[in-house]
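Just so you know, these numbers use all the heavy atoms, side chains as well, and skip hydrogens, waters and symmetry mates. Reminder, nothing fancy here: chain letters follow the sequence lines and each chain counts from 1.
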There are 2 protein chains.
Amino acid sequence: MDIGEAAKRSNLPASTIRYYEEIGLIKSIGRCGIKRVFASDIVQRLAFISLGRAAGLSLDEIKQMLLHGNMQVNRDLLLSKADEIEAQINQLTLMRDSLRHAANCPAADHFECPKFLKLLKLATGRWNKSRR
Amino acid sequence: MDIGEAAKRSNLPASTIRYYEEIGLIKSIGRCGIKRVFASDIVQRLAFISLGRAAGLSLDEIKQMLLHGNMQVNRDLLLSKADEIEAQINQLTLMRDSLRHAANCPAADHFECPKFLKLLKLATGRWNKSRR
DNA sequence: CCTTGACTTAAAGTTGACTTGAAGTTGTAG
DNA sequence: CTACAACTTCAAGTCAACTTTAAGTCAAGG
């Protein structure tokens with residue numbers, strides 16, 4: 001598969017794929033002339049990267065997960081990442097609720113609404129633990 | 001309240017608070033000599049900003065929400081942001097599940113494990129809608 | 001009066017994740 | 001043969017969100 005095909009299937013620009021290869025996040029299996037050739041599972045790998053990015057992971061973090069293909073070494077890493085993500089889910093849930101409340105609350109200024117402030121306080125209590 | 005106090009209470013560096021004021025995200029209520037003076041509710045506002053950031057919103061998006069203190073105008077904005085955040089929660093949930101699965105699955109290479117791939121596929125289906 | 005420490009400004013620097021540009025190389029179609 | 005599209009490299013540019021630096025202001029304490 002050439003880079004254009006990979007780009008189409010992964011819905012990522014070719015430049016991004018080249019960049020990912022440059023920083024060692026993915027590999028091509030060789031060259032056909034001057035062109036890179038990718039294995040067909042590159043699509044899944046790119047999907048994993050995109051998912052990770054969408055979940056707020058850095059490319060470095062994703063790299064850690066992809067490096068040890070066997071994943072014996074970094075089971076703990078995976079689990080701790082999962083926990084971090086769960087913490088972020090809680091964060092987001094609070095934000096979502098705050099926004100929905102703000103949209104429905106008749107208060108003139110939300111920073112005077114006790115419910116809104118309570119949500120905020122709840123939120124602020126949490127993020128010292130899981131701050132990036 | 002001076003900027004040092006605000007920094008302490010919000011757990012943000014003074015430089016960040018100055019920056020937020022510079023871009024119009026917050027306001028000081030005046031000066032005492034050359035020093036900024038903030039109202040005491042600045043702490044809540046900064047908490048809201050931090051929460052928004054932790055939830056992945058840009059400063060611009062947060063600004064939109066803070067601009068219209070009354071929030072009559074942008075009830076829809078709030079709700080649509082809430083929906084976006086909910087979409088991201090679903091994203092993150094998938095990522096969390098993928099990671100937990102990967103940590104527990106005995107497969108040598110996770111890109112050959114059908115469950116893992118299924119999670120990936122589920123994830124990839126979603127993110128075209130809510131991509132940043 | 002002088003120092004200290006917390007503040008001030010404006011401008012430049014940093015980081016991560018890409019994107020863009022310029023210049024060159026292929027393989028296929030007309 | 002030539003044109004063209006799709007690839008290549010390498011360097012430089014971009015963006016958000018800060019941080020750092022340099023140079024200055026000010027009130028309080030010794």
Side-chain angles (χ1 to χ4, degrees), chain A residues 1-39 42 45-66 81 84 88 91 95 127 131-132, chain B residues 1-39 42 45-66 81 84 88 91 95 127 131-132:
Chain A
M1 187 187 318
D2 72 3
I3 204 174
E5 187 67 15
K8 225 172 277 178
R9 298 213 206 188
S10 65
N11 205 29
L12 288 171
S15 63
T16 301
I17 298 178
R18 267 182 229 112
Y19 172 68
Y20 284 171
E21 195 195 9
E22 188 184 327
I23 63 172
L25 206 48
I26 56 173
K27 287 185 181 179
S28 54
I29 52 182
R31 296 283 175 131
C32 169
I34 199 183
K35 296 183 181 182
R36 285 168 184 79
V37 177
F38 292 101
I42 194 68
R45 286 170 191 275
L46 289 171
F48 180 77
I49 295 171
S50 292
L51 177 56
R53 296 286 301 120
L57 305 188
S58 71
L59 294 182
D60 259 16
E61 289 173 315
I62 296 169
K63 197 171 170 181
Q64 291 307 308
M65 297 177 186
L66 291 176
K81 274 302 154 203
E84 252 181 55
Q88 215 203 333
Q91 255 333 266
M95 189 75 194
W127 51 225
R131 193 66 186 238
R132 309 191 171 287
Chain B
M1 189 186 319
D2 71 3
I3 205 175
E5 187 67 14
K8 227 171 275 177
R9 298 212 206 188
S10 65
N11 205 28
L12 288 171
S15 62
T16 300
I17 298 179
R18 267 182 229 111
Y19 172 68
Y20 284 171
E21 195 194 9
E22 188 185 327
I23 63 173
L25 205 49
I26 55 173
K27 286 185 182 179
S28 54
I29 52 182
R31 295 284 175 130
C32 170
I34 200 183
K35 296 182 180 181
R36 286 169 182 79
V37 177
F38 292 101
I42 195 68
R45 285 172 192 273
L46 289 171
F48 179 77
I49 296 171
S50 292
L51 177 56
R53 295 287 299 122
L57 304 188
S58 72
L59 294 182
D60 259 15
E61 290 173 315
I62 295 169
K63 196 171 171 182
Q64 291 306 308
M65 296 177 187
L66 291 175
K81 273 303 153 203
E84 251 180 56
Q88 215 203 333
Q91 241 355 247
M95 188 75 194
W127 51 226
R131 193 68 187 236
R132 307 191 170 287

Any Lys/Arg nitrogen of B:E21 or B:R18 sitting under 4.0 Å from an Asp/Glu carboxylate oxygen of the other?
no

Phosphate OP1/OP2 of [N]: any [X] side-chain N/O under 4.0 Å:
X     : N      : result
B:R53 : D:dC18 : yes
A:S15 : C:dT19 : yes
A:R18 : C:dT19 : no
B:Y20 : D:dC18 : yes

Value in whole Å for how far the [atom2] atom of [N] lies from [atom1] of [X]:
X     : N      : atom1 : atom2 : result
B:I23 : D:dT19 : CD1   : P     : 12 Å
B:I26 : D:dC18 : CD1   : P     : 12 Å
A:E5  : D:dA5  : CD    : C1'   : 16 Å
A:I17 : C:dT19 : CD1   : C1'   : 14 Å
A:I49 : C:dA17 : CD1   : P     : 12 Å
A:I62 : C:dA17 : CD1   : P     : 8 Å
B:L25 : D:dA16 : CG    : P     : 14 Å
A:E22 : D:dA11 : CD    : C1'   : 11 Å

Look at the side chain of A:K81 and the backbone N and O of A:L57, then say whether any donor-acceptor pair between them is shorter than 3.5 Å.
no

Choosing from D:dC7, D:dT9, D:dT19, which nucleotide comes nearest the side chain of A:R31?
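The answer is D:dT9, which lies nearest to the side chain.
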
Given D:dT19, D:dC7, C:dA6, the nucleotide with the shortest approach to the side chain of A:D2
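Closest of the options to the side chain of A:D2: D:dC7.
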
Give one of base, sugar-phosphate or nothing for [X], where a contact means two heavy atoms less than 4.0 Å apart.
X     : result
A:G33 : nothing
B:I3  : sugar-phosphate
A:T16 : sugar-phosphate
A:R36 : sugar-phosphate

Might you point out which heavy atoms bring B:Q88 and A:A54 nearest each other, and give the distance in Å?
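Taking every non-hydrogen atom into account, NE2-O, 3.3 Å.
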
B:I17 and B:A6 have their tightest heavy-atom pair at CD1-C, 3.9 Å

Select from B:I34 and B:L59 the residue whose nearest nucleotide in DNA chain D is closer to the 5' end of that strand.
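So the residue in question is B:L59.
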
Atom NZ of A:K27 and atom CZ of A:R36: how far apart are they, to the nearest 0.5 Å?
14.0 Å

On DNA chain C, check which nucleotide each of A:Y19 and B:E21 is closest to and give me the residue with the more 5' one.
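Its nearest nucleotide lies further toward 5', so the answer is B:E21.
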
